[in-house]
*Asks:* 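Just dropping this structure here.
Proteins come first, then strands; the chains are lettered A, B, ... in the order of their sequence lines, and each starts at number 1. All values derive from a computational prediction rather than experimental measurement.
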Number of protein chains: 2
Amino acid sequence: MGKQMTEMLKGTLEGIVLALLTGKPAYGYEITTLLREKGFADIAEGTVYALLVRIEQKGLVDVEKRPSEKGPPRKVYTLNIQGNEYLDEFWRTWSFLAERLEQLREGGN
Amino acid sequence: MGKQMTEMLKGTLEGIVLALLTGKPAYGYEITTLLREKGFADIAEGTVYALLVRIEQKGLVDVEKRPSEKGPPRKVYTLNIQGNEYLDEFWRTWSFLAERLEQLREGGN
DNA sequence: TACTGGTAGCTAGTAGTACTAAGTAGCTGG
DNA sequence: CCAGCTACTTAGTACTACTAGCTACCAGTA
């Protein structure tokens with residue numbers, strides 16, 4: 001992956017994953033494949049798992065272990081209230097940044 | 001500053017500063033005040049100077065020392081060809097991310 | 001049986017970047 | 001003379017995505 005993309009994902013990937021969880025719980029492996037479908041083809045698996053541990057420790061998601069039909073048990077992550085608030089804050093921050101950047105791109109300096 | 005903003009700026013602040021430099025050279029102190037005018041009120045001075053050192057070492061800008069009317073000499077930064085290419089790459093990366101995020105926000109998961 | 005491959009999760013160590021917190025230094029006005 | 005603005009610098013810290021591995025379960029196949 002490009003280095004610029006790597007740096008830009010810092011701070012946004014967390015929001016992306018939380019956004020994926022709105023409404024539909026998912027487990028780690030599922031999230032990585034979801035990300036690939038959504039166009040984030042080069043995000044390392046290990047990155048996702050580490051991120052999931054982080055948002056769990058922050059208390060943004062509830063976790064439940066469920067047996068899988070094909071493989072080891074899955075850890076299913078569900079966005080909770082705190083996670084929703086955090087996600088709202090994320091979107092506000094994102095909007096702020098995106099607006100300024102569009103101004104910079106169009107307005108010219 | 002919010003922690004989310006801090007993390008989100010990683011990778012984008014560099015592009016923002018380079019964008020500010022397109023067409024008009026500027027020096028560090030000027031850039032920090034420019035950033036504040038543009039809405040990035042809470043970006044630490046030290047952050048900007050460190051970033052400027054970095055983009056200089058990457059060879060994205062040309063540097064010239066000029067005496068100031070009121071204070072120590074200024075280091076004036078000018079975007080060069082490599083910087084322009086880097087900035088193009090930055091906008092491509094940004095567009096990619098912004099598109100996916102808008103899809104995520106609207107399309108709903 | 002042995003082996004491959006898909007599913008599923010985990011970890012130690014590294015690099016990059018924004019931050020804090022402090023400092024140096026020149027100039028002007030009270 | 002010193003407070004305050006200008007202007008730049010630096011050491012140390014925290015956070016996050018990465019690499020590069022590892023464990024483990026199951027199905028199909030040679």
*Asks:* Check every atom of dC19(C), dT17(C), dA8(C) against the side chain of K58(B) and return the nucleotide holding the closest atom.
*Replies:* dT17(C)
*Asks:* Regarding R105(B) and T22(A), is there a side-chain donor-to-acceptor distance under 3.5 Å anywhere?
*Replies:* no
*Asks:* Rounding to an integer number of Å, can you tell me how far I55(B) CD1 sits from dG16(C) C1'?
*Replies:* 16 Å
*Asks:* Whole-Å distance between dG16(C) C1' and E14(B) CD?
*Replies:* 10 Å
*Asks:* Looking only at side-chain N and O atoms, does R54(B) come under 4.0 Å of OP1 or OP2 in dT17(C)?
*Replies:* yes
*Asks:* With a 4.5 Å cut-off on side-chain heavy atoms, are T12(B) and L9(B) touching?
*Replies:* yes
*Asks:* Grab the CG-P distance between L9(B) and dT20(C) for me, whole Å please.
*Replies:* 12 Å
*Asks:* Starting from P on dA7(D), measure out to CD on E30(B) and report it in whole angstrom.
*Replies:* 9 Å
*Asks:* Using whole Å, report how far CD of Q4(B) lies from C1' of dA14(D).
*Replies:* 16 Å
*Asks:* Would you mind telling me which of dA17(D), dG9(C), dG16(C) lies closest to the side-chain atoms of Y49(A)?
*Replies:* dG9(C)
*Asks:* Of the options dC15(D), dC19(C), dT6(D), whose atoms approach the side-chain atoms of R74(B) most closely?
*Replies:* dT6(D)
*Asks:* Any non-hydrogen side-chain atom of Y49(B) less than 4.5 Å from a side-chain atom of Y29(B)?
*Replies:* yes
*Asks:* Hey, is R36(B) close enough to E45(B) for a salt bridge, meaning N to O under 4.0 Å?
*Replies:* no
*Asks:* Parallel, tilted or perpendicular: which fits the ring planes of W94(B) and W94(A), with parallel below 30° and perpendicular above 60°?
*Replies:* parallel
*Asks:* Grab the CG-C1' distance between L34(A) and dT7(C) for me, whole Å please.
*Replies:* 15 Å
*Asks:* Given side-chain contact (heavy atoms from CB on, under 4.5 Å), test V48(A) with L13(A) step by step and report yes or no.
*Replies:* CA-CA 9 Å; V48(A) 176; L13(A) 185 55; 5.6 Å; no
*Asks:* With DNA chain C as reference, determine whether I43(B) or K65(A) sits nearer its 5' end, using the nearest nucleotide of each.
*Replies:* K65(A)
*Asks:* OP1 or OP2 of dA8(C) sitting under 4.0 Å from any side-chain N/O of Y27(A)?
*Replies:* yes
*Asks:* From C-beta outward on L13(A), which listed nucleotide comes closest to its side chain: dA17(D), dA7(D), dC19(C)?
*Replies:* dA17(D)
*Asks:* Just N and O in the side chain of K75(B): are any of them under 4.0 Å from OP1 or OP2 of dT9(D)?
*Replies:* yes
*Asks:* Strictly under 4.0 angstrom, non-hydrogen atoms only: write out the protein contact profile of nucleotides 25-30 of chain D, one letter per nucleotide from the 5' end, B, S or -.
*Replies:* B-----
*Asks:* What is the distance from CE of M5(B) to P of dC19(C), rounded to the nearest Å?
*Replies:* 10 Å
*Asks:* Could one point to a donor on the side chain of K10(B) or the base of dC15(D) with an acceptor on the other under 3.5 Å away?
*Replies:* yes
*Asks:* Going by an N to O cut-off under 4.0 Å, is there a salt bridge joining K58(B) and E14(B)?
*Replies:* yes
*Asks:* Assess whether side-chain contact (heavy atoms from CB on, under 4.5 Å) is satisfied between V76(A) and K65(A), documenting all intermediate values.
*Replies:* CA-CA 6 Å; V76(A) 178; K65(A) 214 158 209 171; over 6 Å; no
*Asks:* Give the rounded distance in Å between these two atoms: CD of E7(B) and C1' of dT17(C).
*Replies:* 9 Å
*Asks:* Let me spell it out: for each of T6(A) and G46(A), pick the nucleotide of DNA chain D with the closest heavy atom. Which residue's pick is nearer the 5' end?
*Replies:* T6(A)
*Asks:* May I ask you to evaluate whether Y29(B) reaches the phosphate of dC8(D), defined as a side-chain N or O under 4.0 Å from OP1 or OP2?
*Replies:* no
*Asks:* Which part of the nucleic acid, if any, lies within contact of E45(B), taking any heavy atom under 4.0 Å across all strands shown: a base, the sugar-phosphate backbone alone, or nothing?
*Replies:* base
